[in-house]
Every structure is written in C-alpha cells, then in structure tokens.
*Asks:* 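The structure is given below, and queries will be raised subsequently.
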Amino acid sequence: MNIAVYCGSTSGKKESYTIGAMALGVWIAEQGHTLVYGGANSGLMGTVANAVLANGGRVIGVLPDVPLIQSKRHPGLTEYISTADMSGRKNKMMELADAYVAL
C-alpha cells in the first residue's frame with residue numbers, strides 16, 4: 001500500500017513530533033508499505049523518510065520544480081517525481097496514495 005504522509009520540512013518545537021514521525025516511518029517499512037511524501041531531507045519529512053529507508057522500506061518523493069524546494073531533496077529516495085508546482089505535487093501524491101496521514 002502507498003501511504004502519503006503530509007508533514008513539515010521542520011521538526012517543530014516538541015520532541016514528541018519527531019518521535020511520532022520516526023515511529024510512523026518504522027511502521028510503514030515493517031508493514032511492507034511505501035511512503036509517498038514531499039521529498040525533503042529535513043524536519044519531520046526527513047525523519048519519516050529516514051526511518052522508512054533505515055528499515056528497508058520504499059520512499060517516493062514528490063517535489064515541485066522550484067529551486068529552493070529542490071535544494072532540500074532527500075538524497076536517498078527510492079523514486080523521485082518532479083511536478084511543475086505545489087498544486088501538482090499535492091495532486092500527484094493523492095494520485096499515488098492508497099491512504100493519507102497528516103502529522
């Protein structure tokens with residue numbers, strides 16, 4: 001199953017956010033699911049992706065063709081998809097996903 005996770009490219013002020021993102025990433029990988037997310041390597045996005053990858057899971061990053069956002073692309077993505085803009089990113093994530101989680 002492809003699971004889209006919507007979360008920030010920052011970690012927020014509470015350590016519990018990072019712990020939760022890590023736990024979700026581990027669970028996605030352990031269940032054999034694929035993460036579909038915004039593709040960044042920082043913040044909660046990076047935490048979820050790193051946890052999935054560290055546990056043998058697949059990660060699909062969807063990023064708009066915006067230089068500032070592209071500069072934050074996670075280097076370990078299993079698959080990378082580029083979109084024209086943020087709206088296209090959201091639409092592509094919805095197209096790919098079977099389930100959605102907002103952190």
*Asks:* Just distance, no hydrogens or angles: give the donor-acceptor pairs under 3.5 Å from side chains in residues 50-68, sequence neighbours left out.
*Replies:*
residue : atom : partner : partner atom : Å
N50     : OD1  : H74     : NE2          : 2.6
N50     : ND2  : G46     : O            : 3.1
N55     : ND2  : A51     : O            : 2.8
R58     : NH2  : E79     : OE1          : 3.3

*Asks:* Just by modelled atom types, is the S9 backbone N or O under 3.5 Å from a matching donor or acceptor in the S42 side chain?
*Replies:* yes
*Asks:* So which atom in Y100 and which in M93 form the shortest heavy-atom distance, rounded to 0.1 Å?
*Replies:* CE2-O, 4.4 Å
*Asks:* According to a hydrophobic-cluster definition based on side-chain heavy atoms being under 4.5 Å apart (Ile, Leu, Val, Met, Phe, Trp, Tyr only), do W27 and V5 belong together?
*Replies:* yes
*Asks:* What about V101 and L35, same hydrophobic cluster or not, with Ile/Leu/Val/Met/Phe/Trp/Tyr joined at side-chain heavy-atom distances under 4.5 Å?
*Replies:*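 Cluster IDs for V101 and L35 match.
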*Asks:* With sequence neighbours left out, what residues match E30 under side chain to side chain donor-acceptor pair (under 3.5 Å)?
*Replies:*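 Per chain and number, E30 pairs via side chain to side chain donor-acceptor pair (under 3.5 Å) with no residue.
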*Asks:* Out of I3, T34, N2, which residue meets the side chain to side chain contact (heavy atoms under 4.5 Å, CB included) rule with I28?
*Replies:*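 Checked I3, T34, N2 against I28; only one passes side chain to side chain contact (heavy atoms under 4.5 Å, CB included): I3.
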*Asks:* At what distance, to the nearest 0.5 angstrom, does CZ of R89 lie from OG of S82?
*Replies:*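 OG of S82 is found 10.5 Å from CZ of R89.
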*Asks:* Over all heavy atoms of both residues, which pair between M45 and Y37 is shortest? Give the atoms and the distance, please.
*Replies:*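 Taking M45 first and Y37 second, the nearest heavy atoms are O-CE1, 3.4 Å.
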*Asks:* Please determine whether residues I69 and V48 belong to a single hydrophobic cluster, defined as Ile, Leu, Val, Met, Phe, Trp and Tyr linked transitively by side-chain heavy-atom distances below 4.5 Å.
*Replies:* yes
*Asks:* L103 and M94: same hydrophobic cluster, using ILVMFWY side-chain contacts below 4.5 Å?
*Replies:* no
*Asks:* Hydrophobic clustering (ILVMFWY, side-chain heavy atoms < 4.5 Å, transitive) - are V36 and L24 grouped together?
*Replies:* no
*Asks:* Is the count of non-hydrogen atoms from other residues, nucleotides or ligands lying under 6.0 Å from E15 atom CD greater than 12?
*Replies:* no
*Asks:* Report the C-alpha distance between L96 and I81 in whole Å, list the side-chain angles of each, state the deciding distance to 0.1 Å, and finish with yes or no for side chain to side chain contact (heavy atoms under 4.5 Å, CB included).
*Replies:* CA-CA 11 Å; L96 294 171; I81 298 171; 3.6 Å; yes
*Asks:* Could you tell me whether Y17 atom OH has more than 12 heavy atoms of other residues or ligands within 6.0 Å of it?
*Replies:*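 Check fails, neighbour count at 12 or below.
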*Asks:* Which heavy atom of A21 sits nearest a heavy atom of L44, and at what distance?
*Replies:*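 Of all heavy-atom pairs spanning A21 and L44, the closest is CB-CD2, 4.0 Å.
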